Amino acid sequence: MRTRRTARTVVAAFAAVLLAGSVAACGNSDTGGDSGGDDKIVLGFSQVGAESGWRTANSISIKEAASQAGIELKFDDAQQKQENQIKAIRNFIQQKVDVIAFSPVVESGWDTVLKEAKDAGIPVILTDRSVDSADKTLYKTFLGSDFVKEGRLAGEWLVEQTKTASGPVNIVELQGTTGSAPANDRKEGFAKAIAGNPNLKIVASQSGDFKRADGKQVMEQFLKANPDIDVLFAHNDDMGLGALEAITAAGKVPGKDITIITIDAVKDGMQALADGKFNFIAECSPLLGPQLMDLVKKVKAGEEVPARIETEETTFTQEQAKAALPNRKY
Ligand code: AHR
C-alpha cells in the first residue's frame, strides 16, 4: 500500500515537472503564449514558397524587418502547397505563438484552420494575398496589393497603345498559380480594362504558376499554336522572363514583334524593360516586412487595426525603368 502511494507521488511529481517544462517552452501563458520563453513577441509566418524573384524579395523583407523589430520569427516555406501551409499554421497554434501571419497560396479552403487559430486566441494577419472566407472575423487584417488594379493598369496601358489599331490584336496570357488571388484578380482587372475594345482578343490563356521555367514552356506552346501573337500579358516578371527565351528561340524579337506586359517590377524584370525587351510593368511591391511587423505589435497589444491596408504601387514604361533601375532595392 505504502509502496503504491510512493509510486503515485513520484508519477505526479514527474508529470508536474513535464507540465512545467511544456509551459515554459510555450512562454507567456497570459498573452496566449510566447514560444520563445522570453518577452519577445513570437510570430509564426507561413510563406507561399520561393517561386519567383518577388517571393525571394518578400521573404528577405519579412526576415529583416522581424529582426529589426525584435520579433522572434518562426518562418515556414510551404513550397506552394496549401496542405503544407495548413500544417504550418497548426504547428504554430500548438506552439502557442503570439501572432500568425501568412500569405495564402490559393484563396479558398482556409475557414477550418483559421477557426482553429481564432479558438486558440491567436490573431491572424493575412499578408500579400487574401482568402475568400465569408467570415471576416477569422483574421484581423489584410496587408497587400490591389491585384485587380494591377491587372487593370496593365490592360489600360495596352488599350492606350492600341487605340489606332485597325485589325485584331492577338493577346496571350500567362496566368499565375491557379486559384491564387493574384492570378484571379489580375486576370479579371485586365479583362475588364480591354473589354471596351473589340480588336483586343485573348487568344490563349494558361497558368505558368508564377515560375520562369513554366513561363517559358507555356509560351513555347502558345507560339506553336498561335502564329500571330501580338501581345503577351504575363501575371509576373518571372513568367515574362521565361517567355522571352521562348520568343527569342522562335526567331521573334521580344518587345518589338511581341509587346510584353508584366507585373511585379523586380530587378530582372526592370532590366528587361530598360533593355526594350518588356514594354510595360505594373508594380507589385514585395517590401511588406516593416508594415507587417508594426501590425504584429499592434494586434499583440490588442489595438484596433484597419481591416484592409493597401500597398502603394506605381507603373513603369521603358524610360521610367531606365531611370528607376539604379535605385531599385530588389
Ligand atoms: O502574390 C504576389 C505574387 O506572387 C507576385 O506577383 C508573384 O511574382 C509571386 O509569386
Side-chain angles (χ1 to χ4, degrees), residues 45-62 77-82 84-85 101-108 110 125-132 142-155 173-190 206-216 218-219 232-244 260-273 278 280-289 291-292 308-316 328-330:
F45 185 84
S46 167
Q47 180 59 290
V48 169
E51 74 280 8
S52 63
W54 189 100
R55 190 63 56 197
T56 305
N58 180 245
S59 293
I60 292 171
S61 171
I62 285 159
D77 176 340
Q79 298 175 349
Q80 285 186 285
K81 292 198 175 83
Q82 183 174 34
N84 289 347
Q85 287 202 295
F102 78 115
S103 174
V105 60
V106 290
E107 281 189 284
S108 305
W110 300 101
I125 298 174
L126 302 178
T127 170
D128 163 36
R129 301 180 182 180
S130 191
V131 298
D132 64 4
F142 164 40
L143 163 70
S145 310
D146 180 343
F147 297 133
V148 178
K149 182 174 163 194
E150 292 168 353
R152 176 172 58 74
L153 291 170
E173 179 180 35
L174 277 169
Q175 297 178 38
T177 303
T178 305
S180 69
N184 294 341
D185 293 354
R186 288 171 184 168
K187 183 171 183 51
E188 178 192 326
F190 184 81
Q206 203 179 306
S207 174
D209 206 15
F210 283 129
K211 293 184 198 143
R212 208 175 278 216
D214 295 38
K216 180 180 176 199
V218 177
M219 190 68 202
L232 163 65
F233 170 46
H235 288 192
N236 78 345
D237 287 342
D238 279 79
M239 292 188 296
L241 291 162
L244 279 185
I260 302 179
I261 305 167
T262 69
I263 291 176
D264 274 356
V266 295
K267 254 198 183 141
D268 290 356
M270 291 287 271
Q271 189 63 59
L273 186 59
F278 283 0
F280 186 75
I281 302 181
E283 185 185 37
C284 178
S285 174
L287 305 180
L288 304 176
Q291 269 176 298
L292 174 61
R308 172 78 169 103
I309 300 161
E310 203 182 306
T311 319
E312 276 180 34
E313 283 152 0
T314 184
T315 58
F316 295 96
R328 204 74 187 150
K329 289 201 182 64
Y330 54 93

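Whatever order the structure lists them in is the order used to number ligands and atoms, beginning at 1. Everything quoted here is computed from the prediction, not taken from an experiment.
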Determine whether any heavy atom of Asp264 lies closer than 4.0 Å to an atom of ligand 1.
->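 Heavy atoms of Asp264 do come under 4.0 Å of ligand 1.
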Are any of the heavy atoms in Asp128 under 4.0 Å away from ligand 1?
->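 Yes, Asp128 has a heavy atom closer than 4.0 Å to ligand 1.
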List in chain and number order the residues that pass ring pair (Phe, Tyr, Trp, His ring centres under 6.0 Å) with Phe278, two or more places apart in sequence or in another chain; answer none if no residue qualifies.
->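 Scan of Phe278 (ring pair (Phe, Tyr, Trp, His ring centres under 6.0 Å), adjacent residues dropped) gives none.
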Which atoms of ligand 1 have any heavy atom of [X] under 4.0 Å away?
| X | value |
| --- | --- |
| Glu51 | 4 (O), 9 (C), 10 (O) |
| Pro182 | 1 (O) |
| Ser52 | 7 (C), 8 (O), 9 (C), 10 (O) |

Looking only at distance, does Arg186 have an N or O less than 3.5 Å from an N or O of ligand 1?
->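 N/O-N/O distance below 3.5 Å exists for this pair.
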Using distance alone, decide if ligand 1 has a nitrogen or oxygen within less than 3.5 Å of any nitrogen or oxygen in Trp54.
->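 For ligand 1, there is no N or O atom that lies under 3.5 Å from one belonging to Trp54.
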For Glu313 and Ser285, indicate whether the former's side chain and the latter's backbone hold a donor-acceptor pair under 3.5 Å.
->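 Side chain of Glu313 to backbone of Ser285, a donor-acceptor pair under 3.5 Å: yes, one is there.
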Are the side chain of Arg328 and the backbone N or O of Gln271 linked by a donor-acceptor pair below 3.5 Å?
->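 Checking the backbone N and O of Gln271 against the side chain of Arg328, no donor-acceptor pair under 3.5 Å is found.
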Distance from atom 3 (C) of ligand 1 to nearest protein heavy atom, with residue and atom =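 Of the protein heavy atoms, Arg129 NH2, 3.7 Å lies nearest.
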Residues Glu51, Lys211: salt bridge by 4.0 Å N-O rule |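 No, Glu51 and Lys211 are not salt-bridged.
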Could you go step by step and tell me if Arg55 and Asp238 meet the salt bridge (Lys or Arg N to Asp or Glu O under 4.0 Å) rule?
-> CA-CA 11 Å; Arg55 190 63 56 197; Asp238 279 79; over 6 Å; no
Check the pair Trp110 / Phe102 against ring-ring contact (aromatic ring centres under 6.0 Å, His included), numbers first and verdict last.
-> CA-CA 11 Å; Trp110 300 101; Phe102 78 115; 4.9 Å; yes
